[in-house]
There are 2 protein chains.
Amino acid sequence: MDEDNDINPENYANFFALYNLCKHIEPKQVINISSVEFGKVLKTSQQTASRRINDLEKLGWIKRKLEGKAQKIVVTKLGADIMLRMYQNLKEILDDIVIIGYVQSGIGEGGYYVSIKGYYDQFQNKLGYNPYKGTLNLKLNDANNALLNEKLKNNKPITIEGFEDQQRQYGPVDCYECLIYRPDKMDSKQKAAILKIERTHHKGNIIEILAEDYLRDLLHLVDDDKIVIEIIKN
Amino acid sequence: MDEDNDINPENYANFFALYNLCKHIEPKQVINISSVEFGKVLKTSQQTASRRINDLEKLGWIKRKLEGKAQKIVVTKLGADIMLRMYQNLKEILDDIVIIGYVQSGIGEGGYYVSIKGYYDQFQNKLGYNPYKGTLNLKLNDANNALLNEKLKNNKPITIEGFEDQQRQYGPVDCYECLIYRPDKMDSKQKAAILKIERTHHKGNIIEILAEDYLRDLLHLVDDDKIVIEIIKN
DNA sequence: ATTACTAATATCCGAGTAG
DNA sequence: TCTACTCGGATATTAGTAA
């Protein structure tokens with residue numbers, strides 16, 4: 001990230017011009033847009049939009065053909081690379097931003113499921129410890145929840161297989177390893193796992209945390225305490 | 001993507017200011033940077049850097065404490081959300097940019113491995129067809145290769161398990177489903193799979209493609225022909 | 001319709017400097 | 001040292017047009 005592969009101030013507008021152009025890439029990799037339309041997209045005048053397209057061409061970020069009156073634009077590999085690098089840098093940035101959750105009293109459902117033998121044995125084997133037979137429920141706000149889901153997409157879950165007994169079926173559970181700690185106590189990070197249960201899409205952005213110890217005691221937690229969740233990359 | 005969650009021209013510089021600030025987030029989520037240093041990062045004067053930080057605070061993208069002379073900055077959830085949304089939009093954009101490869105004569109190694117029973121039976125079962133007993137080798141340039149690898153990170157592979165016989169061990173293979181076609185023949189897309197073989201990191205950005213048919217015949221390919229590779233999202 | 005030039009105007013930047 | 005003000009000069013934008 002520290003290599004100088006970044007956008008300079010004189011290209012801020014050009015970056016956003018390319019970015020907005022890229023949103024209009026058609027299946028054949030061509031962009032059909034007039035300078036008037038593009039001006040509306042960029043929220044600038046037609047003249048500025050036209051100048052932007054000229055500048056992008058000079059930079060080698062796009063190529064274009066002026067066919068009669070209309071123009072056909074294609075993004076060059078250099079242009080695609082500009083987008084890719086910003087994407088990669090943002091990914092790194094998001095890695096460094098932690099998730100905040102607030103302790104909630106759960107209805108105890110998580111604890112019940114964890115302790116079922118069909119699940120518990122797998123937790124032991126695949127997580128490498130004997131988890132406490134209950135989960136810590138954390139409430140996230142929308143921004144934190146969106147960020148968490150995006151982070152989880154970049155990680156491979158430890159999958160606990162579903163099974164069935166005489167009564168019913170039990171669905172698979174995806175576990176994502178993480179570290180849990182109080183914001184003021186960074187030296188007491190606890191290894192834990194976020195459980196993504198197939199069916200029970202918790203309403204209200206609540207996630208369930210599994211750990212070896214009883215986290216409420218270990219971290220002296222009461223409801224509404226603020227907790228930091230750090231995803232462990234794999 | 002069409003919701004208006006995007007950056008307006010008057011905030012181009014502010015976006016990049018936030019972006020560059022975020023690169024300096026420390027483990028405790030705090031940013032320690034003076035306006036002189038930040039000016040160097042942004043390649044502007046100290047005065048402009050200072051104004052940027054003020055503007056970011058007014059926008060609610062950061063909070064700060066002026067402790068004596070030094071400032072401590074934290075990115076707000078709104079600020080983190082700006083970064084997240086740009087990340088997500090770039091991800092969508094990259095989805096729409098296809099990979100270009102050029103047909104290469106392989107050394108035939110791929111074909112040998114595919115036809116080994118321990119692999120072939122799994123290909124049949126997991127891909128759902130009887131693949132041609134050979135692979136199409138495609139050469140990518142660096143930009144295409146970087147983009148391909150990033151796209152593959154966002155997909156779950158179909159994993160062909162490794163095995164061993166009397167002679168030796170055979171490593172696992174990750175398959176990523178894709179569509180292959182000639183740039184001028186978009187209506188003749190062929191379902192195929194990119195093979196990521198554990199050990200043999202192909203030198204020179206060469207990837208191996210597996211498909212049901214013999215693609216060289218079906219698509220009338222000769223060496224150096226241009227081929228489009230479209231990753232199928234899962 | 002287009003794209004894009006020129007000239008007028010609006011905006012932004014940084015030197016000087018204060019607190 | 002810090003942050004951040006004012007203000008003149010630099011830069012960017014757009015209205016009016018041409019092609």
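Below, read A as the first sequence line, B as the second, and so on, with proteins coming before strands; counting in each chain starts at 1.
- Of the possible donor and acceptor atoms, one in the side chain of A:Arg182 sits under 3.5 Å from a partner among the backbone N and O of A:Leu219.
- B:Ser34 comes within 4.0 angstrom of sugar-phosphate atoms only, judged by non-hydrogen atoms across all strands, and of no base.
- As rounded to whole Å, 15 Å separates atom C1' of C:dT2 from atom NZ of A:Lys72.
- Put simply, the residue from A:Val74, A:Ile53, A:Ile31 that forms a side chain to side chain contact (heavy atoms under 4.5 Å, CB included) with A:Ile62 is A:Ile53.
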Taking only nitrogen or oxygen atoms into account, show me every contact under 3.5 Å that the protein makes with nucleotides 8-10 of chain C, one pair per line with its distance.
none

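- Between the CD atom of A:Glu10 and the C1' atom of C:dT11 there is a distance of 18 Å, rounded to whole Å.
- Nucleic acid contact class of B:Leu66 (heavy atoms, under 4.0 Å, all strands): sugar-phosphate only.
- Across the protein-nucleic acid pair, A:Phe38 atom CZ and C:dT2 atom C1' stand 16 Å apart, rounded to whole Å.
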Which letter, B, S or -, goes with each nucleotide of nucleotides 14-19 of chain C from 5' to 3', with contact meaning a protein heavy atom under 4.0 Å?
-> BBB---

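- Between B:Ile194 and B:Ile209 there is a side-chain heavy-atom pair separated by less than 4.5 Å.
- Listed by chain and number, the residues in a side-chain hydrogen bond (donor to acceptor under 3.5 Å, both in side chains) with A:Asp95 are A:Lys233 (sequence neighbours excluded).
- Protein chain A contacts DNA chain D over a range whose 5' and 3' limits, counting nucleotides with an atom under 4.0 angstrom from a non-hydrogen atom, are D:dT13 to D:dG16.
- Per the geometry, CG belonging to A:Asn54 stands 13 Å off P belonging to C:dT6, to the nearest Å.
- Two residues are said to be in side-chain contact when any heavy atoms from C-beta on lie closer than 4.5 Å; B:Tyr176 and B:Asn234 fail this criterion.
- Between A:Ile73 and A:Leu56, the closest side-chain pair of non-hydrogen atoms is not below 4.5 Å.
- Within the helix from C:dT2-D:dA19 to C:dG19-D:dC2, the inter-axis angle between the opening and closing five-pair segments is 40°, rounded to 10°.
- Partners of B:Arg216 by side-chain hydrogen bond (donor to acceptor under 3.5 Å, both in side chains), not counting sequence neighbours, listed by chain and number: B:Asp223.
- With rounding to whole Å, A:Asp55 atom CG is found 15 Å from C:dT3 atom P.
- Within the 3.5 Å criterion, the main-chain N or O of A:Ala143 finds a donor-acceptor partner in the side chain of A:Asn141.
- The ring of B:Phe16 has its center closer than 6.0 angstrom to the ring center of A:Phe16.
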